[in-house]
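A note on names: the letters A, B, ... follow the listed sequences, proteins ahead of strands, and every chain is numbered from 1. Here the structure is a predicted model, which is why all the values come from computation and not from measurement.
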Amino acid sequence: MVIILLLIIWEACSRLFVIPTWLLPAPSDIVKEGVTSWSVYNHHLFSTTKLSVIGFGIGVSVGLIVATMLHLLPPVRQAFYPLLILSQNIPIIVLAPLLVIWFGFGMLPKILIITLVCFFPITVATLDGFRQTSPELLHYMQMAGASKRQIFAKLQFPHALPSIFSGVKISATYSVMGAVISEWLGANQGIGVYMTLAQSSFRTDRVFVAIGFVMVLCLLFFGLIVMLERLLIKSRNTEGGK
Amino acid sequence: MSELVIEKVTKSFADKKVLEDISFTVKEGEFVSLLGPSGSGKSTLFHLIGGMYSPDSGAFYLDGKKINGKRGAISYTPQSSSLFPWRTILDNVVLGAELFAKPNYDQAREMLEKAGLSGYENAYPHQLSGGMRQRVAFVRSLLSPQSFICLDEPFSSLDEFTRLEMQRWLLSIWEENRKSVLFVTHNIEEAIYLSDRIIVLSSNPATTKREFTIPFARPRKEELLLSEEFLQWKKAVYQELR
Ligand SMILES: Nc1ncnc2c1ncn2[C@@H]1O[C@H](COP(=O)(O)OP(=O)(O)OP(=O)(O)O)[C@@H](O)[C@H]1O
Ligand SMILES: [Mg+2]
């Protein structure tokens, strides 16, 4: 609702004050551009979607694997946890050109960038989930004679699932952003490329079209994850079992 | 075929001595209650039997085998509820068995029915009342492969009505199964009603203060609670606790 109101105000302003389109196009202009030149940019859109999905998939897997390893091997956790945080302190904008220098303009550096922005929220959230396992349940499992593996598979992992999902949700939105950033640095197609082209030719309406699609893509990802989450942890209740 | 011998067990935490020279035996098919004030170290004793940590001195023998620090030898139901909130009731009761072999779901359903829980197989713990959850936890113990059961104050969080009903239920089920039970409580009446023997612990540090053998025949009826003889026993135990 708020969004619709904002759009109406925006539309009204740009008509009232006759703002030139290259400065700030009215929402109606943006939509028109979006519809009419669909055939021009749809391949960009698909390319970015593909890149985000692949990068996201790899990012999630890496995030889960890293979290599991750090959790199961406490000495490794102590050694690598600071490194993990450090890896997030390097701005992607600085790292990205480096990756291009090392790996060229292909898929690899782009996927690396997305993976790098995606895995961290998942690793941190998953580790927290593992660590917050209820001590009573842990006691029960240990005294019942469960092996380390059983404790992990039957207790810690399912317990961490809600945390994992909050990490995955954050990563889902990051992945689209990561894809666009990686495309800025050198690619022949993608929303990032389309955006750069539009920007350099002052087609502000096209920049907005691109922004719109980034948002839609993010929301779509997010929605899919939320659906999956509902499906997997539908009937559980955090205060249960007390 | 399950006899637990506790021999001169001593345990300290930091410099605080919690258990001192605890010795007693639970014979095959016997129901023994541990009665002691809050904080006297009853749960600690269970954790030791269950192998969570080793005693400073002394030993536990189950069927003649030393089980110090060995996990999975007994079936334990913790003081606070320990059902897994993301598992259905049916999946919860087979957990103990599942750790060692493929669980027998038919038997589990049958036991749940006897516990008055039919129709709740696919419910989740948070949908059940406190008394029902305790029954689920006890059914889980019965279905576990271990033939020695430790129950840590299973009824302490229940109101008087439910408690009485649960005691009756526990007796009826137990009189059928006859696994050896070590039962912790600080309710005198409960201890007398349920047990073959009562071990009274003193506190700070806990020592075995006195042992009562309760002669009432089984199966025991509820009317017993109001009999003159029962009151006599209650008095005797009460004197010992003061
Ligand atoms: N892991 C531990 N580390 C240090 N102290 C502990 C530990 N576990 C128990 N204690 C101490 O041992 C004492 C006995 O605790 P325990 O839980 O065994 O009492 P309890 O008899 O079960 O009491 P309640 O009836 O209230 O359950 C307490 O003073 C407690 O502080
Ligand atoms: Mg206790």
Less than 4.5 Å apart, any side-chain heavy atom of B:Arg140 and any of A:Tyr140?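 When only atoms from C-beta onward are counted, A:Tyr140 and B:Arg140 do touch, with a gap below 4.5 Å.
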Compare all side-chain heavy atoms of B:Trp86 with those of A:His159 and state whether any distance is below 4.5 angstrom.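 SC-SC contact between B:Trp86 and A:His159 confirmed.
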Tell me the closest heavy-atom pair linking [X] and [Y], and the distance in Å.
{"X": "B:Leu83", "Y": "A:Leu137", "value": "O-CD2, 3.7 Å"}
{"X": "B:Met52", "Y": "A:Gln142", "value": "CE-OE1, 2.9 Å"}
{"X": "B:Gln146", "Y": "A:Ala144", "value": "NE2-O, 3.5 Å"}

Chain A: which of B:Leu128, B:Ile74, B:Leu95 shares the most heavy-atom pairs with it under 4.5 Å?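 Of the options given, most contacts go to B:Leu95.
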With a cut-off of 6.0 Å (strictly less than), are more than 12 heavy atoms of other residues, nucleotides or ligands near [atom1] of [X]?
{"X": "A:Asn89", "atom1": "CG", "value": "yes"}
{"X": "A:Phe120", "atom1": "CZ", "value": "yes"}
{"X": "A:Phe80", "atom1": "CZ", "value": "no"}
{"X": "A:Tyr174", "atom1": "OH", "value": "no"}
{"X": "A:Ile9", "atom1": "CD1", "value": "yes"}

Check against side chain to side chain contact (heavy atoms under 4.5 Å, CB included), B:Gln79 and A:Glu136: CA-CA 9 Å; B:Gln79 193 163 359; A:Glu136 286 98 26; over 6 Å; no
So which of A:His139, A:Met141, A:Lys154 has the largest heavy-atom pair count under 4.5 angstrom toward chain B?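 Answer, by heavy-atom pair count under 4.5 Å with chain B: A:Lys154.
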Result block: side-chain N/O donor-acceptor pairs under 3.5 angstrom for residues 99-118 of chain B, not counting sequence neighbours:
residue  : atom : partner  : partner atom : Å
B:Asn104 : OD1  : B:Asp106 : N            : 3.2
B:Asn104 : OD1  : B:Gln107 : N            : 3.1
B:Lys114 : NZ   : B:Glu176 : OE2          : 3.2

Region of A:Gln150 that comes under 4.5 Å of a non-hydrogen atom in chain B: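 It is the side chain, since no backbone atom gets that close.
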Residues A:Met143, B:Arg71; criterion side chain to side chain contact (heavy atoms under 4.5 Å, CB included); working and verdict: CA-CA 5 Å; A:Met143 304 234 311; B:Arg71 292 176 181 176; over 6 Å; no
